[in-house]
Amino acid sequence: MSQAPATGEAAAPDYLEQTRRWIERAVIGLNLCPFAKAVYVKQQVRLVLSDASTPEALLEELAEELLRLRDTPAEQIDTTLIVHPFVLEDFLDYNDFLDNADAAVEALDLQGILQVASFHPQYQFAGAGPDDVGNYTNRSPWPTLHLLREDSVERAVAAFPDPDVIVERNLQTLQELGTTGWEALLRP
């Protein structure tokens, strides 16, 4: 049985609730990903809270979730987000880990079937400064690995003939919102 925090103690973050808020308010609410709403409202998004504290443990969980996604019909789970707040908190470590994630996809013979996308609170695109608002397209409340079905991605892109427009629109939206607006958007 959990106890209420003592006076002066902060409650532990609700990692999945904060991730849901980000999905609903930023990813869907700002339409950063025009493909997200359909699977989210159909409850085909699996959110997993990882308790991994080492990259090796996270890699094992990633492999399990890749196989679960492979073996589950898309109508039940179309995509999975593994939220891992206790490991790879530093973006450079996280970024290095992505090579291991891609290697896991290959080792499980899932290339062309599944892919791993990346989100992190400190996300920084190559060539962008750390405060560049464009980084916010891939900034999540907690380090997150996003497992996607290749065929779902292909269908979504086919339905949206010019994906470059999405990138341009997202940058404009984020520039108008600014970092203060972004932070306000994600507050409870």
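What's counted below: heavy atoms across the whole structure, side chains too, no hydrogens, waters or symmetry copies.
Cluster annotation: Val87 is not connected to Trp142 through the hydrophobic network of ILVMFWY side chains, with a link wherever side-chain heavy atoms come within less than 4.5 Å. Note on Phe119 and Leu174: same hydrophobic cluster, where clusters join Ile, Leu, Val, Met, Phe, Trp and Tyr whose side-chain heavy atoms are under 4.5 Å apart, directly or indirectly. If you chain together hydrophobic residues whose side chains sit under 4.5 Å apart, Val157 and Val165 never meet in one group. Cluster annotation: Ile82 and Leu114 are assigned to the same hydrophobic cluster (Ile/Leu/Val/Met/Phe/Trp/Tyr, side-chain heavy-atom contacts under 4.5 Å, transitive). Follow the hydrophobic side-chain contacts under 4.5 Å out from Leu58 and you never reach Tyr15; the two are in separate clusters.
Put simply, the side chain of Thr179 does not reach to within 4.5 Å of the side chain of Asp131, judged on heavy atoms. Two residues are said to be in side-chain contact when any heavy atoms from C-beta on lie closer than 4.5 Å; Asp151 and Arg155 meet this criterion. Looking at Pro34 and Arg169, their side chains come closer than 4.5 Å, going by heavy atoms from C-beta outward. Residues His146 and Thr79 are in side-chain contact: their nearest non-hydrogen atoms beyond the backbone lie under 4.5 Å apart. Using a 4.5 Å heavy-atom threshold, the side chains of Val105 and Gln115 count as separate. Residues Glu65 and Leu62 have side chains not in contact (no heavy-atom distance under 4.5 Å, counting atoms from C-beta outward). Within the 4.5 Å cutoff, side-chain heavy atoms of Leu185 are placed close to those of Leu30.
Between Gln18 and Pro13 the shortest heavy-atom distance is NE2-CB, 3.8 Å. Smallest separation of non-hydrogen atoms from Ala36 and Val27: CB-CG1, 3.8 Å. Looking at every heavy atom in both residues, Leu148 comes nearest to Ala117 through CD1-CB, 3.8 Å. For the pair Leu32 and Ile166, the tightest heavy-atom approach, listed with the atom from each and the gap, is O-CG2, 3.8 Å. Taking every heavy atom of both residues into account, Pro143 and Pro85 meet most closely at CD-CA, 4.2 Å.
A donor-acceptor contact closer than 3.5 angstrom links the side chains of Gln172 and Glu176. Under 3.5 Å, the side chains of Asn170 and Thr137 contain no donor-acceptor pair of N or O atoms.
Once rounded to the nearest 0.5 Å, the distance linking NZ of Lys37 with CG of Asn31 reads 8.5 Å. Here the straight-line distance linking atom CD1 of Ile77 with atom CG of Leu69 works out to 6.5 Å at 0.5 Å rounding. To the nearest 0.5 Å, atoms CZ (Arg20) and CD1 (Ile28) are separated by 12.0 Å.
The aromatic rings of Phe97 and His84 sit tilted, their planes meeting at an angle between 30° and 60°.
Put simply, the side chain of Arg25 gets close to the backbone of Arg187: a donor and an acceptor are under 3.5 Å apart. In terms of modelled atom types and a separation under 3.5 Å, the side chain of Ser50 and the main chain of Val83 share no donor-acceptor contact. With hydrogens and angles ignored, the 3.5 Å screen pairs a side-chain donor or acceptor of His120 with a backbone N or O of Leu88. Side chain of Asp78 to main chain of Arg149: no donor-acceptor pair is present (N/O by atom type, distance under 3.5 Å, no hydrogens or angles). Under a 3.5 Å cut-off, the side chain of Asp132 and the backbone N or O of Gln124 do not form any donor-acceptor pair. Gln122 places a side-chain N or O within 3.5 Å of a backbone atom of Phe91 that can act as its donor or acceptor partner. Using a distance-only test at 3.5 Å, with no hydrogens or angles considered, no donor-acceptor pair links the side chain of Arg21 to the main chain of Pro141.
Glu24 meets the side chain to side chain donor-acceptor pair (under 3.5 Å) test with Tyr40; sequence neighbours excluded.
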Quiz item: Leu145 and Tyr94: side-chain contact (heavy atoms from CB on, under 4.5 Å), yes or no, with the steps?
Solution: CA-CA 10 Å; Leu145 298 171; Tyr94 173 85; 3.7 Å; yes
Quiz item: What's the verdict on side-chain contact (heavy atoms from CB on, under 4.5 Å) for Gln111 and Asp109, showing C-alpha distance, side-chain angles and the deciding distance?
Solution: CA-CA 6 Å; Gln111 349 45 328; Asp109 200 25; 3.4 Å; yes
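For residues 165-188, the pairs satisfying ring pair (Phe, Tyr, Trp, His ring centres under 6.0 Å) are Tyr136-Trp182, with sequence neighbours left out.
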